[in-house]
Amino acid sequence: MLQDVILIKLGGSVVTHKERAMTMNKMAIDRIFKTFLSVKVPIIVVHGGGSFGHYWSVKYDMHSKPDRYPSDGIAIVHESMILLNHKLVKSMMKFRLNPYSVSPFSFISNNKPIAKKIVELASMTRDKIIPVTYGDIVYRTNHKYSILSGDELMTMLSYVLKPKKVVFAVNVDGIYRDPRTKDLINTVEEKSQIKFSSVNFDVTGGMKRKVREALKISLSGIDVHFINGFKPDRLLKILDNKITKGTVIKGKRSSKRNAR
Ligand code: IPE
């Protein structure tokens, strides 16, 4: 039987200082992992690239479109993500969270997710392990590579694992109707409620992509939450089914059920 899990994405803009190359946000990280100690449900963590992977992928002009990118670029993006992942895993160790780092390379082959391996990640959570994976540059097919974002990974893992909840921890309070006025959308029942032209935009175009992936996940019936990663107590509230500041994109099936 598939183990119930919660899938959490730690945005690169939360775990790193986006404007400073290869710099972790130690305070934010410690706060998040300290909060994880109070989480009593099985979780799987995905993290983004922030000023590690993104910094180099921009320098080498590497994208999500499969292409024959320069080998030194591939190596450096990958190495920077391993470094960030290692730093995060080390801080989790400090809090005795039992992290287990997993490269996305190990569950993707021939451009497709290996469901059997992904299910094993969920099984591991029963042993008080927290699997931690990350966006990376990955081999596709025919000597082409592409950036697989942590956001796309969230969709890939969600399709296989059907998590109870999916949470994106980002550097703002949630999805804004208009980023200029910071008018927060609390609940999204219909895709049309989100105007893509005004979705808060960050340098890497990150927020738009997160919302796009979140909408895909919600179509498989799963509620997707956006919360401020700098206020990790909000994560606990979500896991406790309590109301907190943030945006929830209601799972399509569950919203139908509610309407009945
Ligand atoms: C980035 O993953 C992966 C690389 C650039 C190698 P994400 O695109 O999910 O990262 P953030 O969360 O937006 O920084």
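Values reported hereafter were calculated over all heavy atoms of this structure, with side chains retained and with hydrogens, waters and symmetry mates removed. Along the sequence shown, residues carry numbers from 1. We count ligands from 1, going down the list as the structure has it; atoms in each ligand are counted the same way.
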Open item on the list: With a cutoff of 4.0 Å, is His47 in contact with ligand 1, counting heavy atoms of the residue only?
Closed with: no

Open item on the list: More than 12 heavy atoms of other residues, nucleotides or ligands under 6.0 Å from NZ of Lys162: yes or no?
Closed with: yes

- [ ] Could you tell me whether Lys9 and Asp151 have a side-chain N and a carboxylate O separated by less than 4.0 Å?
- [x] yes

- [ ] Please indicate whether any nitrogen or oxygen in Gly150 is less than 3.5 Å from any nitrogen or oxygen in ligand 1.
- [x] yes

Open item on the list: Below the 3.5 angstrom mark, is there an N/O of His54, backbone or side chain, next to an N/O of ligand 1?
Closed with: yes

TODO: With heavy atoms only and a cut-off of under 4.0 Å, state how Val77 meets ligand 1: side chain, backbone, both or neither.
DONE: side chain

Open item on the list: Please determine whether residues Ile175 and Val224 belong to a single hydrophobic cluster, defined as Ile, Leu, Val, Met, Phe, Trp and Tyr linked transitively by side-chain heavy-atom distances below 4.5 Å.
Closed with: yes

- [ ] Examine ligand 1 and decide if any of its atoms is less than 4.0 Å from a heavy atom belonging to Met62.
- [x] no

Task: Backbone or side-chain N or O of Gly12 under 3.5 Å from ligand 1 N or O - done: yes

Task: Ion pair Glu213/Lys216, N-O distance below 4.0 Å - done: yes

Open item on the list: Any nitrogen or oxygen of Asp136 lying under 3.5 Å from a nitrogen or oxygen in ligand 1? Just yes or no.
Closed with: no

- [ ] Report yes if Ile147 has an N/O atom closer than 3.5 Å to an N/O atom of ligand 1; otherwise report no.
- [x] no

- [ ] Kindly check if the number of other-residue, nucleotide or ligand heavy atoms within 6.0 Å of CD1 (Ile243) is above 12?
- [x] no

Open item on the list: For Asp67, give me all partners under side chain to side chain contact (heavy atoms under 4.5 Å, CB included), at least two apart in sequence or on another chain.
Closed with: Lys65, Tyr69

Task: Pairwise side-chain contact, Leu7 with Ser158, heavy-atom cut-off 4.5 Å (strictly under) - done: yes

TODO: Within a distance under 4.0 Å of any heavy atom of Gly11, pick out the atoms of ligand 1 and give their elements.
DONE: 12 (O)

Task: Test ring pair (Phe, Tyr, Trp, His ring centres under 6.0 Å) applied to Tyr145 and Tyr139, Phe105, Tyr60, the passing residue - done: Tyr139

- [ ] Please state whether Lys210 comes within less than 4.0 angstrom of ligand 1, counting heavy atoms only.
- [x] yes

- [ ] Consider every N or O of Gly50 and every N or O of ligand 1, then say whether any pair is closer than 3.5 Å.
- [x] yes

- [ ] Check each heavy atom of Arg209 against ligand 1 and say whether those closer than 4.0 Å belong to the side chain, the backbone, both or neither.
- [x] side chain

